[in-house]
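To keep things clear, I will list the structure first and then write my remarks on it.
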Amino acid sequence: MLLAGKVAIIFGGSGAIGGAVAHAMAREGALVHLAARHQDKLDAVAESVRAQGGTVSTFTVDVLDEQATQRRVAQLAEQSHGIDVVVNATGFMHEQGKHLERLSLAEFRQGIDPFLAAQFIIAKSTAPYLGGRRQGVMLTVVAPAAAMAMPGHLGHIVGCAATEAFIKALASELGPRNIRVLGVRSHAIIGAVEAGSYTGEIFRQKAQAMELTVDEWLGGAAQGTLLKQLPTLEQVAGVITFLAADAAGAMTATIVNVTAGATLS
């Protein structure tokens with residue numbers, strides 16, 4: 001098993017990507033801890049993981065609350081005698097589609113502030129319990145916009161670019177402590193909407209603006225990739241799980257591209 005005995009925390013663990021990663025990591029032997037704001041959603045994912053034989057626990061936390069996040073992580077680290085893997089699969093509703101003349105400053109910052117705050121707080125809260133003799137890894141899921149130029153996506157593009165820059169900068173700080181820091185850049189994910197992803201609302205708005213259904217819009221997005229298909233939840237979760245494993249132990253300070261060729265950098 002790739003992650004036998006490793007302790008993994010998945011922030012955003014009740015979401016579509018977080019839930020898929022929980023299943024994948026549990027199958028590979030990880031001791032999975034799911035964190036999110038709503039216990040009922042966490043319970044649903046945990047029950048599904050346990051039904052497949054996985055080991056999982058849950059805790060509620062708002063990752064934008066620095067003190068609460070630090071306190072909850074410290075409690076978990078003490079109970080589990082350390083942490084090996086941290087996954088940031090959090091997401092926040094934000095504006096996509098408005099051009100500069102219609103975009104307010106608050107709407108512009110929706111795509112930047114909460115994403116970077118969560119990334120900073122998660123990193124600061126977990127780093128003290130990673131690394132040393134047990135190599136640690138931090139993984140953040142990011143949308144592909146940093147490598148794109150699209151009208152109507154000012155905040156989203158800047159937020160994604162900042163997220164990727166943070167990953168590389170943090171890797172330079174934590175590398176000497178035996179902590180790897182990686183990003184996983186994915187495109188729109190097949191199966192995510194059906195799994196309850198908040199991106200379903202964003203996709204719906206985009207589709208309506210083009211007088212399409214969400215499925216038709218996703219089909220058009222697929223045609224914009226080199227492979228003429230979009231990544232699936234299982235594929236994205238599988239890549240994240242591999243990156244958390246010792247087999248990827250020489251990888252850090254990089255953004256792994258899982259966009260099916262939608263971006264090339």
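Values below: all heavy atoms of this structure, side chains included; hydrogens, waters and symmetry mates excluded.
Both Val21 and Val239 are assigned to one and the same hydrophobic cluster, defined by single-linkage of ILVMFWY side chains at heavy-atom distances under 4.5 Å. Side-chain heavy atoms closer than 4.5 Å link hydrophobic residues (I, L, V, M, F, W, Y) into clusters, and following such links, possibly through other members, connects Ile9 to Phe120. Using a 4.5 Å cut-off between side-chain heavy atoms of Ile, Leu, Val, Met, Phe, Trp and Tyr, with links allowed through other members, Leu243 and Leu3 fall into the same hydrophobic cluster. In the hydrophobic clustering of ILVMFWY residues, with side-chain heavy atoms under 4.5 Å counting as a link, Ile83 and Val137 come out apart. Linking Ile, Leu, Val, Met, Phe, Trp and Tyr residues whenever their side-chain heavy atoms come within less than 4.5 Å leaves Ile240 and Phe11 in two separate clusters.
Here the shortest heavy-atom pairing between Ala262 and Thr225 reads CB-CG2, 4.0 Å. Taking both residues in full, the closest heavy atoms of Ala123 and Leu170 are given as CB-CD2, 3.7 Å, listed atom of the first, atom of the second, then distance. Here the shortest heavy-atom pairing between Ala207 and Trp217 reads CB-CB, 3.8 Å. Here the closest heavy-atom approach between residue Leu2 and residue Glu28 is recorded as N-OE1, 2.8 Å. Heavy atoms only, all atoms of each residue included: Ala26 and Gly54 are closest at CB-CA, 3.9 Å. In terms of heavy atoms, Phe203 sits closest to Ala188 at CZ-CB, 3.6 Å.
Around atom CD of Glu194, more than 12 heavy atoms belonging to other residues, nucleotides or ligands sit under 6.0 Å away. No more than 12 heavy atoms of other residues, nucleotides or ligands sit less than 6.0 Å from atom CZ of Arg109. In the displayed structure, Lys206 atom NZ is contacted under 6.0 Å by more than 12 heavy atoms of other residues, nucleotides or ligands.
Using a 4.5 Å cut-off on side-chain heavy atoms (C-beta onward), Lys98 and Glu107 make contact. For the pair Glu234/Ile190, no side-chain contact is recorded, criterion being any heavy-atom separation below 4.5 Å from C-beta on. You'll find the side chain of Leu182 stays beyond 4.5 Å of the side chain of Met138, heavy atoms only. The shortest side-chain heavy-atom distance between Val258 and Arg185 does not fall under the 4.5 Å cut-off. Taking the side chain as every heavy atom from C-beta outward, Asp246 and Lys6 approach each other to under 4.5 Å. Leu100 is listed as a side-chain neighbour of Leu154, based on a closest heavy-atom distance under 4.5 Å. Side-chain contact between Val86 and Leu139 is absent, with no heavy atoms from C-beta onward closer than 4.5 Å. Gln119 is listed as a side-chain neighbour of Ile167, based on a closest heavy-atom distance under 4.5 Å.
Side-chain heavy-atom separations under 4.5 angstrom define the hydrophobic clusters, and the remaining members of the one that includes Ile157 are Met148, Met150.
In this structure Arg180 satisfies the salt bridge (Lys or Arg N to Asp or Glu O under 4.0 Å) test with no other residue, sequence neighbours excluded.
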>> Quick one, Thr213 with Asp215, criterion side-chain hydrogen bond (donor to acceptor under 3.5 Å, both in side chains). Give me CA distance, side-chain angles, the key distance, then yes/no.
In response: CA-CA 5 Å; Thr213 67; Asp215 286 342; 5.4 Å; no

>> Between Thr69 and Glu66, does the side-chain contact (heavy atoms from CB on, under 4.5 Å) criterion hold? Intermediate values first, please.
In response: CA-CA 5 Å; Thr69 303; Glu66 183 173 0; 5.9 Å; no

>> One pair to check against salt bridge (charged side-chain N to carboxylate O under 4.0 Å, His left out): Asp62 and Arg37. What are the steps and the verdict?
In response: CA-CA 5 Å; Asp62 180 351; Arg37 288 176 296 173; 5.3 Å; no

>> I'd like to know whether Thr90 forms a side-chain contact (heavy atoms from CB on, under 4.5 Å) with Phe115, so could you lay out the CA-CA distance, the side-chain angles of the two residues, the decisive distance to 0.1 Å, and finally the verdict.
In response: CA-CA 8 Å; Thr90 59; Phe115 291 90; 5.8 Å; no

> Could you go step by step and tell me if His23 and Gln52 meet the side-chain contact (heavy atoms from CB on, under 4.5 Å) rule?
Replying inline: CA-CA 8 Å; His23 280 87; Gln52 296 184 4; 3.4 Å; yes

>> Would Val45 and Leu34 count as a side-chain contact (heavy atoms from CB on, under 4.5 Å) here? Give the steps.
In response: CA-CA 9 Å; Val45 175; Leu34 303 176; 3.6 Å; yes

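For the residue pair Thr58 and Gln39, a side-chain donor N or O sits within less than 3.5 Å of a side-chain acceptor on the partner. There is a side-chain donor-acceptor pair under 3.5 Å between Glu201 and Gln205. Judged purely by distance below 3.5 Å, without hydrogens or angles, the side chains of Gln75 and Arg71 never pair a donor atom with an acceptor atom. With 3.5 Å as the limit, one finds no donor-acceptor pair spanning the side chains of Gln70 and Lys124. Between His38 and Thr60, the side chains place no donor N or O within less than 3.5 Å of an acceptor N or O (distance only, hydrogens not considered).
Atom CG of Asn257 and atom CG of Leu264 lie 7.5 Å apart (nearest 0.5 Å). Interatomic distance, CG of Leu31 versus OG of Ser57, reported as 9.0 Å (0.5 Å rounding). For the atom pair CD of Glu95 and CZ of Phe108, the computed distance is 12.5 Å after rounding to the nearest 0.5 Å. Atoms OH and OG, on Tyr129 and Ser80 in that order, are 10.5 Å from each other to the nearest 0.5 Å. Gln223 contributes atom CD, which lies 12.0 Å from atom CG of Leu218 (distance to the nearest 0.5 angstrom). Considering CE of Met25 and CE of Met1, their distance stands at 14.0 Å, rounded to 0.5 Å.
Side-chain atoms of Asp84 do not come within 3.5 Å of backbone N or O of Ala8 as any donor-acceptor pair. The closest donor-acceptor contact from the side chain of Ser197 to the backbone of Val193 lies at 3.5 Å or more, if one exists at all. Panel note: side chain Arg72, backbone Val61; no donor-acceptor pair is recorded below 3.5 Å. Ser125 places no side-chain N or O within donor-acceptor distance of the main-chain N or O of Val73, the cut-off being under 3.5 Å.
With Val142 as the partner, the side-chain contact (heavy atoms from CB on, under 4.5 Å) test is satisfied by one option alone out of Thr163, Val184, Asn88: Thr163.
Using bins of under 30°, 30° to 60° and over 60° for the plane-to-plane angle, the ring pair His156/His94 lands in the parallel bin.
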